[in-house]
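Notes for the one structure printed next.
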Amino acid sequence: MPGTCVIGLQWGDEAKGKLVDILTGEHDFVVRYQGGANAGHTVVSGGETWKLSLIPSGILRDGVQCVVTGGVVLDPASAIREIDMLESRGVTVTGKLLLSDRTHVVFPWHVAEDRLLDGSLSGGGAIGTTGRGIGPCYRDKVGRSLAIRLGDLYRDDFRQRIDHVVDFKNRLLTSWQPSGGTAPEPLDAKAIHTQYRDYAERLRPFVADTTAVLLDAVENGRRVLFEGAQGALLDIDHGTFPFVTSSNSSGVGVASGSGVPGRWIDRVIGVVKAYSTRVGGGPLPTEQDNAIGLHLRERGREYGTVTMRPRRCGWFDAVAARYTARLSGVDELAVMLLDVLGGLDELKICSAYEIDGRRVTQFPSQIGDLERAVPVYETLPGWSDDLTGARRSADLPSAAHGYLAAISDFLGRPVSIVSVGPDREQTIFCDRAQGTSWQRPQPTGSAPA
Ligand code: GDP
Ligand code: IMO
Ligand code: MG
């Protein structure tokens, strides 16, 4: 069967971009099916660094068709900026990229609403969104009456549509008086229409019915790689609501976002960092607001790709990742950034939570329970070796084998790919057929934090 998915199992930034770039060579299509310019995917190759938000990470390779489907929300200015950046650095985009005419378009009012509304959650803290208008654009999609899709930009009534929506949005936005702040300036329908008409002309060569293209592809045995954005714990339905993004970022989103039924997918790779990170608000039970967290942030260069915010860091949470591996139907695991753990005497993996005195291994559905969860850790030996030169499993020290074995055991899936640095080359592939067996040493302790 022709479909492979790469799904982040944590709170995003698991190094999905690196993995997708590597796997692109084995595929004919690379597909983004949800999220938008909130994603920041990094690919490092030959000393060059590429940061992609909307365009699939497969674009850097030749001979592959990159597709942005209708499940994505598309900010045309971001897309054009990215196309220009790629072409100015010698990457061909024309003829290699398709944008769905079903994609919902991000407009300035979405960005304004995002910035006005975040932080107004009743009784809770701010979500800490990326401020890219993602939630408001998805809200209008679901609401329908104020939504504009990419295909609508080419219709004769586009100007009337803009007038209608701007009239409504101006009433809403200008009546909003944040405490201590000023209401936003009214939107100018004519200026927005002119700007988006220009964007539409620029993007015209890329626009297509991508659902039809992808259905033809899978029915003809072409190999399709689905590139998840964000991580499954940020999934709108199954994540740590309300501290989530506004799309299905777990494996459940592939079919709805792309239009390709799940029956065409035969390989689901769950991507995890060797530890946990989170940007923005919401609980992170294993967070280390101490020297360990600092070690992870500095060695892992844990600063947001999109917003440059420092990422919150903590120990690997096996309760959370086991839940999302099951939720996404993961067959195998890619463990990324393993090198970052080097230099720590001991490592901890959260194997259960204690919530109100009860020990649980099932990920809580309610945010209040997760907020009260105290991690129960299994302690494993660390290593001092620099792993960045490792290219085969035999190059890894026994403590690293033990750590990978523990992750594999807790999640109930084999670890088939290990990453030890940002570059394409810094990757260890384990023979799936032979099933590299990671040796697990005896745990040195287990206690509530
Ligand atoms: P994505 O959003 O899941 O694609 O991940 P990001 O690109 O936002 O964040 C991952 C970061 O880790 C990027 O800066 C990558 O260059 C970097 N990276 C990827 N793999 C490794 C690795 O194995 N080790 C280290 N040290 N960095 C890595
Ligand atoms: P990639 O694809 C990490 C987080 C934001 C915020 C929440 C909602 O690079 O893994 P949004 O702007 O989507 O409404 O913000 O989701 N978030 C991400 N965190 N990586 C991402 O993408 C993210 N995309 C959104 O920080 O907490
Ligand atoms: Mg990222």
Side-chain angles (χ1 to χ4, degrees), residues 6-22 32 34-45 48-54 56-57 72-73 75 106 110-111 113-115 117-118 125-139 227-236 239-247 249 271-275 277-284 296-312 334-342 386-388 390 417-428:
V6 167
I7 310 284
L9 298 186
Q10 296 158 314
W11 284 275
D13 304 323
E14 298 91 347
K16 300 173 293 292
K18 168 176 170 166
L19 190 59
V20 166
D21 167 68
I22 288 173
R32 271 286 307 275
Q34 47 72 227
N38 49 352
H41 296 181
T42 315
V43 179
V44 180
S45 164
E48 281 206 77
T49 300
W50 307 85
K51 292 189 182 297
L52 298 159
S53 272
L54 272 164
S57 303
V72 169
V73 289
D75 179 343
V106 176
H110 295 130
V111 176
E113 284 172 36
D114 200 0
R115 292 181 181 165
L117 279 170
D118 196 20
I127 295 171
T129 73
T130 58
R132 298 293 190 271
I134 305 296
C137 187
Y138 277 117
R139 181 167 54 229
E227 173 179 1
Q230 291 81 54
L233 293 165
L234 291 173
D235 186 287
I236 182 73
T240 54
F241 192 89
F243 301 100
V244 292
T245 190
S246 297
S247 63
S249 48
V271 192
V272 291
K273 253 177 209 181
Y275 48 95
T277 62
R278 177 164 203 166
V279 206
L284 177 61
L296 298 173
R297 179 178 300 149
E298 293 314 314
R299 272 192 82 142
R301 298 206 188 97
E302 295 293 356
Y303 296 88
T305 309
V306 173
T307 58
M308 310 310 286
R309 290 177 291 180
R311 296 176 184 146
R312 299 156 60 196
V335 178
M336 315 299 276
L337 294 105
L338 187 67
D339 54 297
V340 174
L341 295 179
D386 175 6
L387 304 190
T388 55
I417 298 168
V418 178
S419 173
V420 292
D423 200 275
R424 282 173 181 170
E425 305 301 319
Q426 294 174 298
T427 313
I428 299 171

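We count ligands from 1, going down the list as the structure has it; atoms in each ligand are counted the same way. Along the sequence shown, the residues carry numbers beginning at 1.
Shown here for Lys18 and Ser419, the closest heavy-atom pair between the two residues is NZ-OG, 2.9 Å.
The protein residues lying under 4.0 angstrom from ligand 2, judged by non-hydrogen atoms, are Trp11, Gly12, Asp13, Lys16, Asn38, Ala39, Gly40, His41, Ile127, Gly128, Thr129, Thr130, Ala229, Gln230, Leu234, Val244, Thr245, Val279, Gly280, Arg309. Listed as neighbours of ligand 1 are Asp13, Glu14, Ala15, Lys16, Gly17, Lys18, Gly40, His41, Thr42, Val44, Thr305, Arg311, Leu337, Asp339, Val340, Ser419, Val420, Gly421, Pro422, each bearing a heavy atom under 4.0 Å from the ligand.
Electrostatic pairing of Arg311 and Asp13 counts as a salt bridge here, judged by a charged N lying under 4.0 Å from a carboxylate O.
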* Quick one: do Trp11 and Arg312 satisfy side-chain contact (heavy atoms from CB on, under 4.5 Å)? Show the steps, please. => CA-CA 10 Å; Trp11 284 275; Arg312 299 156 60 196; over 6 Å; no
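Side chain to side chain, Arg301 and Thr42 fail the donor-acceptor criterion of an N or O pair below 3.5 Å. A donor-acceptor pair shorter than 3.5 Å can be found between the side chains of Gln34 and Ser247. A donor atom on one side chain and an acceptor atom on the other are found under 3.5 Å apart for Thr245 and Asn38.
Here the rule is side chain to side chain contact (heavy atoms under 4.5 Å, CB included) with Cys137, and of Asp75, Val106, Val111, Asp114 only Val106 fits it. Test Asp423, Leu338, Asp339, Val340 against Thr388 for side chain to side chain contact (heavy atoms under 4.5 Å, CB included) and you get one pass: Asp339. A side chain to side chain contact (heavy atoms under 4.5 Å, CB included) with Thr427 holds for exactly one of Val420, Val418, Ile22; it is Ile22.
Summarising the local packing, CD of Glu298 is surrounded by more than 12 heavy atoms from other residues, nucleotides or ligands at distances under 6.0 Å.
Because the distance cut-off is set at 2.8 Å, Ala39 fails to qualify as a neighbour of the Mg ion (ligand 3), as none of its N, O or S atoms comes that close.
No other N/O/S atom of Asp13 lies as close to the Mg ion (ligand 3) as OD1 does.
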